[in-house]
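Heads up, the thing below is written out as structure tokens.
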Amino acid sequence: MYNDKVVDHFTNPRNVGEMPEADIIGEAGSFKCGDTMKIYLKIEQDRITGVKFQTFGCGAAIASSSMLTEMVKGKTLEEAQRVTNEDVALELGGLPPLKMHCSNLAADALKDAIAKYRIKQSSSRA
Amino acid sequence: MYNDKVVDHFTNPRNVGEMPEADIIGEAGSFKCGDTMKIYLKIEQDRITGVKFQTFGCGAAIASSSMLTEMVKGKTLEEAQRVTNEDVALELGGLPPLKMHCSNLAADALKDAIAKYRIKQSSSRA
Amino acid sequence: MQKRQVYLDHGATSPLRKEALEAMLPFLQERYGNPSSLHSPGRKVRTAIERAREETALALGAEPEEIIFTSGGTEANNIAIRGAAQARRGKGHLLTSSVEHHAVLDVCRELAGEGFEVTLLPVDRYGLVSPETVARALKPETFLISVMTANNEVGTVEPVAEIGALARERGILFHTDAVQAVGQLPVDVREMKVDLLSLSAHKFNGPKGVGALYVRRDTPLTPLYSGGGQERQLRPGTENVPGIIGLARALTLAVEELPEKSRRLKALRDRLIEGLLAMGDAVLNGHPSSRLPGNVNVSFNYIEGEALLLGLDLEGVAASSGSACTSGSLEPSHVLMAMGLGLQLARGSLRLTLGRGNSDGCVDYVLAVLAPLVDRLRKMSALYPGKQS
Amino acid sequence: MQKRQVYLDHGATSPLRKEALEAMLPFLQERYGNPSSLHSPGRKVRTAIERAREETALALGAEPEEIIFTSGGTEANNIAIRGAAQARRGKGHLLTSSVEHHAVLDVCRELAGEGFEVTLLPVDRYGLVSPETVARALKPETFLISVMTANNEVGTVEPVAEIGALARERGILFHTDAVQAVGQLPVDVREMKVDLLSLSAHKFNGPKGVGALYVRRDTPLTPLYSGGGQERQLRPGTENVPGIIGLARALTLAVEELPEKSRRLKALRDRLIEGLLAMGDAVLNGHPSSRLPGNVNVSFNYIEGEALLLGLDLEGVAASSGSACTSGSLEPSHVLMAMGLGLQLARGSLRLTLGRGNSDGCVDYVLAVLAPLVDRLRKMSALYPGKQS
Ligand SMILES: Cc1ncc(COP(=O)(O)O)c(C=O)c1O
Ligand SMILES: Cc1ncc(COP(=O)(O)O)c(C=O)c1O
């Protein structure tokens, strides 16, 4: 079902856990299937310097979460925002067609975090 | 499908063949399935002293023909006439249900022969 | 701890037992005649099939003429329900439970689309259909009740004999999908008062691709397929000869061994349930006592079932889940939802189904690998509030 | 002459070949997972099934997604014809030949009863359906043509590619029952321009109880059974895994060996036909050249077929007949009657179908035992006018 890379990210997910010192926390949930993800970002000068996640979801959701955190670490917010769920799936070496929707979760949570961060920034600047 | 006795009467039918010296020839045919039998009787003082048959038909038809000829040999016409297709089937140790109709042929041909013989007798007496 | 291969998915399918394979082998080799052929190689095979039919009937308390062999449980259910519906002149009302297998539920749904009235009976939190609910749902035009003998997901054993009695009293046909029950529970068609009963060989250590339908004498049933006259025209086509022979052998042995097997599985089951619930924040799904001897179904809060399943698979344990993600659909198990489980618990269900090959060692192993897995998945769960203390 | 066992009924069923059994055995033993299960024992079986699907597709010139596995030829025919009819909104017109197998003819007859218009195409004395007759029978509301690739009784090979071309041109679905053809003739779904093609494994030395239906991409087809989503929902139910593996293996080998086998069988066939006709008062049924390599069908005047069959059986020869009495019905073969044979000749037909295991010795043996049998049965026949000289 899942390739070795997906299984590896499921079994040994990178950047898993809470991050009390996070600058912002993004969330995403699939209303339909109930998957839920939290992403914690540490941001310095518009660059992601720290990232952690927590996910309730299937193997594909967990592996996608893990892979996304790896992909965006060190990226600017601009760059990170351009990461799509297809990119994540591709980087994982592919997901079963029926599981592609599970990879939305991670990209959505990240976008949520960045959006919240921008609002927070603009309100603190204002 | 057929028991050993049926198979024996099919493989080594008794009294098979024509009988040029027959006193009477009976015939029966199944209009529906096309089976046909001829029975040749030699009759002395209302008693069957000789019998032969020819049959076009399946294994059950052939075996029934053979068995019937054995059963009626030496019988009076009165007695012979009472032989039914069930008697023949019974004497053969049974026939498959779907094949019971095939045993009609022999009893019918015999009845035809006896009827013809009686007509011939009464007309020659008259 | 050494990695093992532990198969705990007997509810999905079970290994073909040696005795059944041995009985099948001659029919996969020299005894290849077509049972419809008149010649002796054919007739010998016909005899073997009719003997298998007698064995099957005997194991169920039926008469041989009441057994028709099918290509599995799905086909048996389709022939039973659609066949009974089509044998009616005009439409009518049928009722079934909301926890049936798709092979029953979907047929009923399609019949509804074709103009039949269909009542989906609710179940209680254990998945039980109550005979009173059945009785209340009946209408003058009810012609068929279909309630499964035991549920495939949560193992709940339904009160089929009571439902059968009330159907029989009223002259309503009663079908039961006994695919999960046969080989795990005593199944007697007379005691259950059923008119139609489905079974599938691969669930009781028989071969895949063969099943049977019990059709009580004089039950009106319209065949769904046309062709040769095989299986009293209810299931035409050249018979799956080795399959039928294997089914009968496996069934006969399963019934013989039932009391002993049932006792053994129940002990394993109860120990497994206890161990799972001890992990905390877990609930047992299905009835605590009116339950298949081999069925364990537990929901772990904060964890998604497919993730559990995958984690177990990596440790060599074969299991199953009512998680939506295991089926590729978005909805989790209709059975768990019908029982009133919340979405999250329904998604966190894990089904472990025990069978012939399982031992105490299997239970120990699963519990040992599952505990850290649950812990790990909980810790990474976005929903986990942290260890309650 | 020593008594032998000679199987000459490969048209009814054929022995499972060793290679197919060997391919099946792991799936009858350790590889028992359910292909729908997510765990690795299940996934491994899924992979094997999908490989079998690819092999099957390759052997027919199809794509893997175009193959669905069934429980045999009868089911494939039913799904194809009834499925296509039910996928239509409203009724319409379909046509089929008068020499089809019952699994096609009876479905069409039932559809006729349900309001579809059905044309039964006549055949010539050889059992051939002419493309012109098909063309003439078409109507604006014709949606389906079903004509078999080769006839099971008389072996006549129909001009399916021509019929396919004319159907394709007009956008009419074309189904062919290729149950007898696959493994004896080259079968390529693209060349034949078919939308639906049925086959059954036990006719080409595969296992009984498994078949396949080729469904051309985008062919509208309503499933007849509901349940799990297996086989693209067209044939739900746990797969007959060993059967599918055996089918693919047997098919692949049959296609590989086809040219050589065909040449060999044709030589045996022609020698057998010659020997039979030499017995006098006998006619060949079916087309003299457009004929299955393994099919011999001869009618002996003045003799009933079942009697021949029984006589041969007692000598160890397994054969078949179009006689009414072999089927327990009163009517002889609808195929022979449609070809215009008289009742008597139709009842005197003998079918000998050659296959892998047959050799020159078999032909010699049959001819040797048949000559005295024919002689004996003729002599006792009430219809025999005596030896013509
Ligand atoms: C309760 C129940 N009914 C029907 C079926 C279908 O049986 P099969 O897959 O053999 O067609 C199953 C098994 O999948 C089942 O558990
Ligand atoms: C032409 C033809 N179609 C269909 C069938 C039915 O196949 P099966 O018996 O495998 O269902 C047969 C064989 O009996 C056949 O010869």
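Naming: A, B, ... by sequence-line order, numbering from 1 per chain.
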Counting only heavy atoms closer than 4.5 Å, note whether [X] contacts chain C via side chain, backbone, both or neither.
| X | answer |
| --- | --- |
| D/N240 | both |
| D/E306 | side chain |
| D/L28 | both |
| D/S14 | backbone |
| D/L224 | both |
| D/S320 | neither |
| D/D313 | side chain |

Could you look at [X] and say if it's the side chain, the backbone, both or neither that has a heavy atom under 4.5 Å from chain D?
| X | result |
| --- | --- |
| C/E75 | both |
| C/A319 | backbone |
| C/L25 | side chain |
| C/N34 | both |
| C/L312 | neither |
| C/P15 | both |

Mutual orientation of the aromatic rings belonging to D/Y225 and C/Y225 [parallel < 30°, tilted 30-60°, perpendicular > 60°]:
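Geometry flag for C/Y225 against D/Y225: parallel rings.
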Counting distance only, does the side-chain N/O of C/K208 pair as donor-acceptor with the main-chain N or O of D/Y32 below 3.5 Å?
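Yes, because the side chain of C/K208 sits within donor-acceptor range (under 3.5 Å) of the backbone of D/Y32.
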Would you say the side-chain atoms of D/R235 and C/S71 include a donor-acceptor pair closer than 3.5 Å?
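On atom types as modelled, these side chains qualify, holding a pair under 3.5 Å.
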